[in-house]
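See below for the structure under consideration.
Basis for what follows: all heavy atoms, side chains included, without hydrogens, waters or symmetry-related copies. Order of the sequence lines fixes the chain letters, A, B, ..., with proteins taken first and strands second; residue numbering starts at 1 for each chain.
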2 protein chains.
Amino acid sequence: MTDIDTDNSPIPERKRGSGVKMVYDLLRDEILDLVLPPGSPIDEVQLAERLKMSRTPIREALVRLAGEGLIDTLPNRSTMVANIDFLNLNPFFDALVLMYRVTTRLAAQNHRPEDLPIIRGFHEDYAAAVQSRDALAMIATNAAFHAAIAEAGRNPYFTSLFRRLLDEGRRILRLYYQSYEEQFPQRFVDEHAEIIAAITARDVEAADRLGKAHAEQIVEQVQKLFARNNKLDIAL
Amino acid sequence: MTDIDTDNSPIPERKRGSGVKMVYDLLRDEILDLVLPPGSPIDEVQLAERLKMSRTPIREALVRLAGEGLIDTLPNRSTMVANIDFLNLNPFFDALVLMYRVTTRLAAQNHRPEDLPIIRGFHEDYAAAVQSRDALAMIATNAAFHAAIAEAGRNPYFTSLFRRLLDEGRRILRLYYQSYEEQFPQRFVDEHAEIIAAITARDVEAADRLGKAHAEQIVEQVQKLFARNNKLDIAL
DNA sequence: TGTATTTTATTTGTCGACAAGAAAAATACA
DNA sequence: TGTATTTTTCTTGTCGACAAATAAAATACA
């Protein structure tokens, strides 16, 4: 391979301060989309020459990702994409269900008029994804829908934890939907509509109940997927 | 002032990799103890020469702290200690109460024998702090006590959020106990004892109930403090 | 041939330096 | 004297380089 520039990039200019964000967003997407599967090593120098920047901004992005639990850093040694503890997902499910509940409830309590169109927008995106049987789009739009509800609840502590859980959920589901072309049923679309109605009506109790039921539905579906997969694993 | 070294430090050697952690721990303590009050500017170069290290490890520590919400970073401009929104502490209180409940409940469910001595240890520390009427020690040991309970609950998602809330609580209380020599009542010690009993007996419902009641007691006490303080503010 | 020790190589943590942005100060102009 | 514009100062974001720590390879030895 000759050493001639294959891409003579005409605009290597980058706005000052955009470096870390660029690396952070890129790595985050690649991790959540499983382009970088759990356990993948992350090489700083390699990234540096790929993105044509120094190691400094890359390191800062890695520190942020480590803070969010998306990568693990071994001192003085390699850093790699965080693993998922498939043997015990209970803590994850527990936290997920509770955050579904509490964010839906708070949205019913605290939402403002301008929040509703945003939520409805994601709701329609999700319905479209179900219609076109696009499993990966379902995962993404479902997460966006519930994140928007959490925002309307206006509790930054819950929102940030919920975001982290939804991210982790994206990884988990993506890992399974890769091998098994499954899909969220139409039922979830209807449940989303009910949730929106409860929030709009400021019916706190209904929102709480629907959020909980919805979350448990999802958890149940995921666990069913797992059970089937585990059987297959054993069979192998 | 002459430029002669006032401290000719004989051991400027520092272990490799300990730099970031040192800065992180130092700043975190100073922020939580209000040595650096909310809004304080943080100067990288100043810190660098104070701790006699380069700006690089300091920046990484700052990125971590920003990730935990303890400092705010304005792009291309100064970074400062995060402010506290005293006008609306409700989101904080909501999250705090819920985490008190859920961690206590999970501790009753999931604790292991080796967790109990640790919890009891912090309980005794707290009792001692109440005995000696040391308000700041009460704040710290109370946080440690509940963090230990959260650890015993074995849900890292809840634990990390709870830790963040307890940290924030330390800042809030410290701000008030500075001006008003208040103290947590003996009642809290008794409640702690009840909580330990419920956890030990693996009585999940009782743990949940006690955790909730305890949390609401604390919130109420803090709100009382605030109300009094606000009256004084208006009077000024 | 298998294990222990030394040597090499790779990767990380830290450093000092430089330039871009923004704020503050200084100057020009009305 | 008050406002607009330029200059200066200060802080941050990024860079390339070097040294410590670890892993891998090579060598010595049984």
Study note, to complete from the structure: note: Asn76(A), atom CG; dT22(D), atom P; distance rounded to Å ~ 5 Å
Study note, to complete from the structure: By nearest-nucleotide position on DNA chain D, the 5'-leaning member of Met53(A) and Pro75(A) is Met53(A)
**Study point:** Value in whole Å for how far the C1' atom of dC15(C) lies from NZ of Lys52(B)
**Key:** 17 Å
Check your understanding: Rounding to a whole Å, what distance do you find between Ile42(B):CD1 and dC10(D):P?
Key -> 21 Å
Check your understanding: Mind checking who dG2(C) pairs with, Watson-Crick or G-U wobble, both distances under 3.5 Å?
Key -> dC29(D)
Point to revise | Under-4.0 Å salt bridge between Arg174(A) and Glu168(A) | key: no
Practice item. Give the rounded distance in Å between these two atoms: CZ of Arg55(B) and P of dA17(D). Key: 19 Å
Exercise for review: Could you list the residues that satisfy side-chain hydrogen bond (donor to acceptor under 3.5 Å, both in side chains) with Tyr24(B), not counting sequence neighbours?
Suggested key: Glu68(B)
Review point. Any ion pair linking Lys21(A) and Asp25(A) (charged N to carboxylate O, less than 4.0 Å)?
Key: yes
Revision key, fill the gap. Of the listed dT11(D), dT12(C), dT14(C), the closest approach to the Val20(B) side chain comes from dT14(C)
Review point. Within this structure, what is the CD-to-C1' distance between Glu44(A) and dT14(D), rounded to whole angstrom?
Key: 15 Å
Exercise for review: Could you say whether Pro57(A) or Arg77(A) is positioned toward the 5' end of DNA chain D, judged by the nucleotide with the nearest heavy atom to each?
Suggested key: Pro57(A)
Point to revise | dT14(C) pairs with, by Watson-Crick or G-U criteria that keep both distances under 3.5 Å | key: dA17(D)
Exercise for review: For the pair Tyr100(B) and Phe162(B), name the ring-plane relationship: parallel under 30°, tilted 30 to 60°, perpendicular over 60°.
Suggested key: perpendicular
Practice item. Give the nucleotide from the list dT12(C), dG16(C), dT12(D) with an atom nearest to the side chain of Val45(B). Key: dT12(D)
Study note, to complete from the structure: Taking for Arg16(A) and for Thr79(A) the nucleotide of DNA chain C with the nearest heavy atom, the one nearer the 5' end belongs to Thr79(A)
**Study point:** Watson-Crick or G-U counterpart of dG21(C), or none if no pair lies under 3.5 Å
**Key:** dC10(D)
Check your understanding: Could you state the CD-P distance from Glu60(B) to dC15(C), rounded to the nearest angstrom?
Key -> 11 Å
Study note, to complete from the structure: Rounded to whole Å, the CD-P distance (Glu49(A) to dC15(D)) equals 14 Å
Check your understanding: Roughly, in whole Å, what's the span from CG in Leu74(B) to P in dC10(D)?
Key -> 20 Å
Practice item. Could you tell me whether Arg170(A) and Asp33(A) have a side-chain N and a carboxylate O separated by less than 4.0 Å? Key: yes
Review point. Which part of the nucleic acid does Ser18(A) contact within heavy-atom distance under 4.0 Å: base, sugar-phosphate only, or nothing?
Key: sugar-phosphate
Practice item. Output the single nucleotide from dC15(D), dC15(C), dA19(C) whose closest atom is nearest the side chain of Ser54(A). Key: dC15(D)
